[in-house]
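Side chains are part of it too, since the values below use all heavy atoms of this structure and drop only hydrogens, waters and symmetry mates. Note that the coordinates shown come from a computational prediction; the quantities given were computed from them, not determined experimentally.
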Amino acid sequence: MGFDRNGQEQQNGDSRNDWENARENWEKWEKEQEKKNWDKWDSNASHSSYYNQPTHPPYDQGFSIASIVCGILSITLGCCSLSLPLGAMGILFAVLCRRKKRPGNSNGSTGLCLSIFGCIYGTVNLVYQVFRSLHDPVFIQQMQLIYEQLYR
């Protein structure tokens with residue numbers, strides 16, 4: 001025999017409360033066991049994963065990495081006249097990285113800056129090559145021959 005909430009002895013008819021209490025205790029025990037035995041690598045788990053590591057890579061990471069790689073290559077390969085196309089691709093990837101209005105990614109911002117610098121470097125290099133070739137006597141003779149062949 002037990003006591004109810006008011007401190008009075010329970011009768012034999014109150015054994016139903018004992019069953020309800022036992023069921024509640026069983027459910028609490030099951031929940032505790034689930035918490036102890038949860039799968040540490042389960043990405044659908046409502047609790048944090050093993051060592052609080054993310055279960056999937058951040059979104060749009062590929063475009064930001066492509067942007068920074070194109071930016072670095074546009075500066076590095078500027079002497080090969082590849083700055084303008086690689087810089088334009090880097091800018092495109094940086095814009096694609098920001099298209100979903102998500103918070104900015106530092107790799108995307110760095111790639112955008114490097115790509116813009118690579119485009120400017122490529123443009124300056126192209127203008128320099130054009131002016132340098134205009135003062136080259138061999139280039140001038142070749143242009144005169146092409147002009148004479150076209151307009152005879």
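Considering CD1 of I72 and OG of S115, their distance stands at 9.5 Å, rounded to 0.5 Å. Note that OG of S83 is 11.0 Å distant from CD1 of I120, once rounded to the nearest 0.5 Å. Taking SG of C97 as the reference point, atom CD1 of I65 lies at 9.5 Å (rounded to 0.5 Å). Considering CG of N107 and OG of S67, their distance stands at 8.5 Å, rounded to 0.5 Å. Within the model, atoms OG of S64 and CG of L96 stand 11.5 Å from one another, a figure rounded to the nearest 0.5 Å. With rounding to the nearest 0.5 angstrom, the OG atom of S133 is 10.5 Å from the CD atom of Q142.
When hydrophobic side chains of Ile, Leu, Val, Met, Phe, Trp and Tyr are connected at separations under 4.5 Å, L145 ends up as a singleton with no cluster partners. Annotation for L84: hydrophobic cluster partners, listed by chain and number, are L126 (ILVMFWY side-chain heavy atoms under 4.5 Å, direct or chained).
For L82, the side-chain contact (heavy atoms from CB on, under 4.5 Å) criterion is met by L77, C80, L86, not counting sequence neighbours. V130 pairs by the side-chain contact (heavy atoms from CB on, under 4.5 Å) definition with L134, not counting sequence neighbours. For W26, the side chain to side chain donor-acceptor pair (under 3.5 Å) partners two or more places apart in sequence, or in a different chain, are E30.
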Residue pair C119, I91: steps toward the side-chain contact (heavy atoms from CB on, under 4.5 Å) verdict: CA-CA 9 Å; C119 283; I91 292 171; 4.0 Å; yes

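Listed by first and then second residue, the ring pair (Phe, Tyr, Trp, His ring centres under 6.0 Å) pairs involving residues 105-148 are Y147-Y151 (not counting sequence neighbours).
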